[in-house]
Amino acid sequence: MAEPIRWGIAATGGIAAGFATDLALVEGAVITAAGSRSQARADAFGDQFDVPHRHATYEALAADPDVDVVYVASPHSRHAADAILFLDAGKHVLCEKPMAMNEREVVAMIDAARRNGRFLMEAILTRFTPAHVEVRRLLADGAIGTPLAVDAEFGFPFPHDPTHRLFDIALGGGALLDLGIYPLQFATMVLGPAAAVAAVGHVGVTNVDEHVAVSIRHEGGGLSVAKAASRVLLGNRARISGTDGAILLPPSFQNPRHLTVVKDGESTRMDAPYDGIGLRFGAEEVHRCLAAGELESPVLPLAETRQLAAIMDEARRQIGVRYPADG
Ligand SMILES: NC(=O)c1ccc[n+]([C@@H]2O[C@H](COP(=O)([O-])OP(=O)(O)OC[C@H]3O[C@@H](n4cnc5c(N)ncnc54)[C@H](OP(=O)(O)O)[C@@H]3O)[C@@H](O)[C@H]2O)c1
């Protein structure tokens, strides 16, 4: 039997707990270490998820010889520095979305992965859920002809707490980076790289965007519209329109358990069930890549992660949001 893959979890917040819960469903995965900025939080996380090594710093986690791959679940503003710390320590890295604050940081992370010969992937784990695998199969089979349009949106009415990472500019706040990445990555998955980007947005009192719409003309000729909002509930659906039909993903389109194909005036529902909260499939892709010696995932290549960062840089330039990391 293959050796288990030993995970380290960097940060102890909301999504770190969700990921650790789902990792229990992944065959061959074991969490050997948790890293935090505080010993007490590392210990609490360790108690909750039965993690033997609990580190009071991310540096100590990086130095742990019993860790193969680190899941970086800190706020966006730290992703680049944290991921590079772990890559330079010889760990593989799965880094939460958005990969970083801007394209420049993403390039530095990719450079670190390449110089250390380590795996790196942005944790857009939704892309690996059964419904999204089915979307790619339907498109490859030509089920709706040539896809020419994508409409997708993601928004929730979060409490307006200026210290929360969604609204705090120092932590990389803003609807685009946190929520808009989902519809944007869906658009690039279906329609490919962007040729032109046009964005409008509302920037709130903390100087980050709270509502944004990004239209893209893709190199292949398709058009997409991606919307994100942190103050209102959006439809949270996605639609792919092709020359011979459409694919509809219900709310929340990132991790639905069914989808609908509309063709010749008929709607066909296709079920895509799974256990857990939908994060395990991306972890399984990390395992597959490591076993195969692949340093990036063909389903979510680093070039696409870089392109997504470039799209968001351009959208932010147009709506007027700048982060300290932009210099
Ligand atoms: N894939 C998904 O479905 C999904 C869902 C939600 C969020 N995310 C992403 O995951 C990241 C974390 O989101 P979250 O919702 O888990 O956030 P969160 O609940 O606020 O947790 C963030 C954690 O990061 C650590 N941290 C390090 N430096 C920090 C700082 N300066 N301020 C606050 N926390 C700091 C903290 O852990 P320690 O104190 O232990 O160091 C904290 O618990 C974000 O980049 C977000 O976009 C992904």
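Indexing begins at 1, ligand by ligand and atom by atom, following the structure's order.
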Taking atom CG of D141 as the centre, report whether more than 12 heavy atoms of other residues, nucleotides or ligands fall under 6.0 Å from it. yes

Do F49 and F45 pass the ring pair (Phe, Tyr, Trp, His ring centres under 6.0 Å) test, and can you show the C-alpha distance, the side-chain angles, and the key distance before you say yes or no? CA-CA 6 Å; F49 296 104; F45 192 89; 4.8 Å; yes

Over 12 foreign heavy atoms within 6.0 Å of NZ, K97: yes

Indicate yes or no: does D313 engage R104 in a salt bridge with an N to O separation below 4.0 Å. no

Heavy atoms from other residues, nucleotides or ligands near CZ of R217 exceed 12 (cutoff 6.0 Å): no

Can you list, by chain and residue number, every protein residue with a non-hydrogen atom closer than 4.0 Å to ligand 1? A11, T12, G13, G14, I15, S36, R37, R41, Y58, A73, S74, P75, H76, R78, H79, E96, K97, A123, R165, L171, D178, Y182

Under the side chain to side chain donor-acceptor pair (under 3.5 Å) test against R127, which residue among H132, E122, Q185, E285 passes? Q185

